Amino acid sequence: MRPSLLVVGSLAFDTLETPSGIAKDELGGSATYFSHSASHLAPKVRLVGVVGKDFPKRHIEEFRERSIDTAGIQVVPAGKTFRWHGRYRTDMSNAETVSVELNVFGKFAPQIPASFRKSPFVFLANGSPTTQRTVLDQVEKPVFVLADTMNLWIETARKDLLELIHRVDGLILNNTELLQLSGESNVIAGARWALAQGPRVVVIKKGEHGSMLFVDGEIVALPAYPLEHITDPTGAGDSFAGGFMGHLTRCGGTSLADMKRALVYGTVIASFTCEDFGLRRLFSLTDADIERRVAEFAKIVSVDVKPRRRAKAAAGR
Ligand code: AMP
């Protein structure tokens, strides 16, 4: 059986304001970015989410064209799709939420189709921890479950979030969220705190400053891919998670070496997402684009740390 990756999260229409301009009613949502990104790597991506009657069929077709299984998308005929309006001023790593209309996402009760329940890899995209927990209650013996979260849940559902973290294999969040959640003043201490809550893996997203991975007592740090111009960072975090989980699903493993490579794929796919509004760049992305940038990025981060021979030795003493 081909290894599969299940994602549960939001499908949305976004209004995006960045220094590069405004885009209205763009396709968005955490599960949307994640699944399109992961589809470049994982053999099978299974998507669970909810939309209203206003969600055009062509977006469902777009998922199918990337072999994303849409059997888990619930359509609520009497409802409207989730809407988010975000704005970035100078700091491109933090979106200011201008408005949110939860609509059908407010009552989202994920129902995992029977055919999806044995997915070995699972991503719980940003959502309320109680909703995320209902997914854990429905899946059967997954190999690796990664959960995302955000400041809203840290502030309003801390107890539920801690219970969830205790049950997952990995936690992914950005550096400010980690500090807020842990009460620590630096990310290393914050990651140690998070690991003590139960997960084996903590991934920290630091926007333009890259990412860190804590696993099995090891720490891995990578820069971001150096982009000269960021058009819209929305979805970079979910694309990062999609590249990360997509690679793990493709190789079927969760060793340190697998995760280091997964971090590279996450970094590279997130960089493409930032090049245009919404999912536009992901829609034109090819596997060759990804591999080219992965090779370039590997060169950027490789360091030769062989000790330099002493001058006398070099002179042939
Ligand atoms: P990211 O920039 O990767 O953190 O994710 C951006 C996406 O998250 C946007 O497309 C939004 O539609 C979606 N989003 C924003 N707020 C929420 C929320 N409270 N719950 C779920 N998804 C959200």
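Order of listing sets the numbers, starting from 1, for every ligand and every atom in it. Keep in mind the model is a prediction, meaning the values are calculated, not measured.
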Novice: In Å and rounded to the nearest 0.5 Å, what is the CG to CG distance from Leu263 to Leu222?
Specialist: 4.5 Å
Novice: Mind checking whether Asp238 has an N or O less than 3.5 Å away from an N or O of ligand 1?
Specialist: yes
Novice: Would you mind checking if Lys159 and Glu163 are paired as a salt bridge, meaning a charged N to carboxylate O distance below 4.0 Å?
Specialist: yes
Novice: So if I count the atoms of ligand 1 from 1 in the order they appear, which ones are less than 4.0 Å from some heavy atom of Thr234?
Specialist: 2 (O), 6 (C), 9 (C)
Novice: Take Ile73 and Phe63 through the test side chain to side chain contact (heavy atoms under 4.5 Å, CB included) and record every step on the way to the result.
Specialist: CA-CA 11 Å; Ile73 299 183; Phe63 287 125; 4.2 Å; yes
Novice: Return yes or no for this condition: an N or O of Gly235 is under 3.5 Å from an N or O of ligand 1.
Specialist: yes
Novice: Out of Phe82, Trp84, Phe105, Tyr88, indicate the one that has the non-hydrogen atom closest to atom 23 (C) of ligand 1.
Specialist: Phe82
Novice: Is it the case that ligand 1 has an N or O less than 3.5 angstrom from some N or O of Ser10?
Specialist: yes
Novice: Would you call Arg64 and Glu61 a salt bridge, taking side-chain N to carboxylate O under 4.0 Å as the test?
Specialist: yes
Novice: Could you tell me whether the side chain of Asp137 reaches within less than 4.5 Å of the side chain of Arg167, counting heavy atoms only?
Specialist: yes
Novice: Going by the order shown, which atoms of ligand 1 are within less than 4.0 Å of some heavy atom of Gly28?
Specialist: 10 (O)
Novice: Closer than 4.0 Å to some heavy atom of Gly29 - which atoms of ligand 1 meet that?
Specialist: 9 (C), 10 (O), 12 (O)
Novice: Under 4.0 Å from any heavy atom of Gly237, which atoms of ligand 1 are there?
Specialist: 3 (O)
Novice: Salt-bridged, Glu177 to Lys205, with N to O below 4.0 Å?
Specialist: no
Novice: What are the atoms of ligand 1, with element, lying closer than 4.0 Å to any heavy atom of Ala12?
Specialist: 12 (O)
Novice: Would you say ligand 1 has an N or O under 3.5 Å from any N or O of Met150?
Specialist: no
Novice: Does an N or O anywhere in Asp14 fall below 3.5 Å from an N or O of ligand 1?
Specialist: yes
Novice: One thing to verify: whether Arg281 and Asp232 come together as a salt bridge, which I'm taking to mean a side-chain N less than 4.0 angstrom from a carboxylate O.
Specialist: no
